Asks: 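Below is the structure I would like to discuss, written out as structure tokens.
Keep in mind the model is a prediction, meaning the values are calculated, not measured. Residue numbers start from 1 in every chain, and the chains themselves are labelled A, B, ... in the order their sequence lines are given, proteins ahead of strands.
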2 protein chains.
Amino acid sequence: MDAQPGRSVTSKVLALLDAFTPASPALTLSELARRAELPLPTASRRVAELVAWGALERGDDGRYRIGLRLWEVGSLAPRGLGLRELALPTLEDLYEVTHENVQLAVRQDVELVFIERIAGRHAVPVLTRVGGRFALHATGVGLVLLAYAPAEVQEQVLAAPLERYTPLTITDPGRLRRGLAEVRRTGYAISDRQVTMDALSVAAPIYGPEGAVVAAISLVVAQHRADPVALAPLVQAAGRTISRSLGTSYGSRRSAG
Amino acid sequence: MDAQPGRSVTSKVLALLDAFTPASPALTLSELARRAELPLPTASRRVAELVAWGALERGDDGRYRIGLRLWEVGSLAPRGLGLRELALPTLEDLYEVTHENVQLAVRQDVELVFIERIAGRHAVPVLTRVGGRFALHATGVGLVLLAYAPAEVQEQVLAAPLERYTPLTITDPGRLRRGLAEVRRTGYAISDRQVTMDALSVAAPIYGPEGAVVAAISLVVAQHRADPVALAPLVQAAGRTISRSLGTSYGSRRSAG
DNA sequence: CACGGCCTTTCACTGAGTGAAATAGACGCT
DNA sequence: AGCGTCTATTTCACTCAGTGAAAGGCCGTG
């Protein structure tokens, strides 16, 4: 090796998995090698082992995809399907009442990950994808997760440039900081056309058994429909219901590093 | 090492992931080491790397769980959430019409894996779990997936002892073989109290773009309700609808090894 | 049939990973 | 406090798993 003498084998294996993204779920061996910054023979060897185990699958087109075995193991993540399954009945209730998009998300470092989405066919189309990531400073769920995040996470987000998605996106750290205080005061967050000009969202926190915010739930509605403040109690109630069900069966965990 | 001088590092990492099962989603380091058949220091080292990447998370109780990052990567599996998302609208339609449990499953080797389940609160409780595995010879989805599996998979299942779940479970290879032929002839499968005495299921195949069966859909109803044969066309129609949506966007893949 | 793209295998070398033992915590008991 | 137990991490010298370079398949294609 030249630039990196002595990267651990484990990190190479994980780098290969990292190469797969929602934008590129199928890759050839050479693409994999390039993205993982590995020489081709090494990539070939590691990939062969991953395929043998079922972490990757090789399609008829010769490209590699994430394998079902890995999906299976991943589904054991308590903040993944575990949280999803506990929250699902409540998400469905909220959908039944409103017939709008319902989203469930958790924070991972300085981003959020969408765990579940219930999207009525008549509701506003949203850009998100289950399993996908997004910045914390624009969406309703993001604002909630950020507002209740540890101080060092907030500072990290506030210190970095805040990407602008629409003219209404908050990109000023000071304004964002005041917005977060407001979220903590009211117990809900409203993102009004800060992600797309078509939609606004109302989000509320979900608490784990230890009292920390572990997830957020939101309702995404078309920009012209309904008063978001009027919807907040509904979303908050759903958040509380889920919090309660977590209290009984959801295992404890540390906030994501 | 004693028994296995020279297991590859990759296989050790994967063995650690393998240690997590639906029955044991949280493990201490020593439990992990024992299940993966690794000496404790080695397990400690590999686990530390997995935690750093996000494949595992350490809870407040000191036990390790599957991390969100792994769930995220796993959600990219085309036969996992990918298939799920394409099928979901149709599954919901089927649920709206019947208000019974709807299940979606794919075959992985000689077992099936449940990808999604829509369970009305008033429907029969089922034993399965999204992300969970089950044998192929008893459930409706299993019979469909087995009936259309490659010959070598069928022979492998028929050669092994068929586990009995209820007095009605088919455990005779000859009878199972005739049952599979019947499934192929009619295009649907009925499992009548072969998993539990409370429920029966009606299942139909889902075809990929190449014409191979890639998944199966089923309706699980209480044993005393409705004629299963009468439900078959409904389930088959849903299967065809999903097959059609796969035709357009579902990437090609080989059958699981 | 020579060429080029793409992947796998061979071979000798070497440093990442190893086991054994020492060390460091965490907790309970007296 | 002092000791025992259980569990996890670190140290250290050794060695085998993983490595790069090059050669070898295996296609399609001109």
Asks: If I compare all heavy atoms of A:V106 with all of A:A215, which pair ends up nearest, and what's the gap?
Replies: CG1-CB, 3.8 Å
Asks: If I take atom CZ from residue B:R69 and atom CD from residue B:E72, how far apart are they, to the nearest 0.5 angstrom?
Replies: 4.5 Å
Asks: Nearest of C:dG19, C:dT8, D:dT9 to any side-chain atom of A:L29?
Replies: C:dT8
Asks: Side-chain N or O of B:S30 less than 4.0 angstrom from OP1 or OP2 on D:dA8?
Replies: yes
Asks: For the pair made of CG in B:D61 and P in D:dA8, what is the distance, rounded to whole Å?
Replies: 12 Å
Asks: May I ask you to decide whether B:E155 forms a salt bridge with B:R177, counting only side-chain N to carboxylate O separations under 4.0 Å?
Replies: yes
Asks: What's the CG-P distance between A:L40 and D:dG18, to the nearest Å?
Replies: 18 Å
Asks: Quick one: B:L38 CG to D:dA8 C1', roughly how many Å, whole number?
Replies: 15 Å
Asks: Salt bridge between A:R84 and B:E116, side-chain N to carboxylate O under 4.0 Å?
Replies: yes
Asks: Quick check for you: to the nearest 0.5 Å, what is the distance between A:S245 atom OG and A:L83 atom CG?
Replies: 8.5 Å
Asks: Rounding to a whole Å, what distance do you find between B:L27:CG and D:dA8:C1'?
Replies: 16 Å
Asks: Specify the residue among A:Y64 and B:P41 whose closest nucleotide of DNA chain C lies further upstream toward the 5′ end.
Replies: A:Y64
Asks: Which nucleotide, D:dT10, D:dT19, C:dT8, lies nearest any side-chain atom of A:R58?
Replies: C:dT8
Asks: CD of B:E49 versus C1' of C:dT18: gap in Å, rounded?
Replies: 14 Å
Asks: Per the atom types in the model, does the base of C:dG19 pair as donor or acceptor with the side chain of B:R45 at under 3.5 Å?
Replies: yes
Asks: To the nearest Å, give me how far apart CZ (A:R7) and C1' (C:dG17) are.
Replies: 17 Å
Asks: Think A:K12 has a side-chain N or O under 4.0 angstrom from the OP1 or OP2 of D:dT19?
Replies: yes
Asks: Considering just the side-chain nitrogens and oxygens of A:R46, establish if one lies under 4.0 Å of OP1 or OP2 belonging to D:dT19.
Replies: yes
Asks: Would one find a side-chain N or O of A:T42 under 4.0 angstrom from OP1 or OP2 of D:dG20?
Replies: yes
Asks: More 5' along DNA chain C: A:V9 or A:S44, using each one's nearest nucleotide?
Replies: A:S44
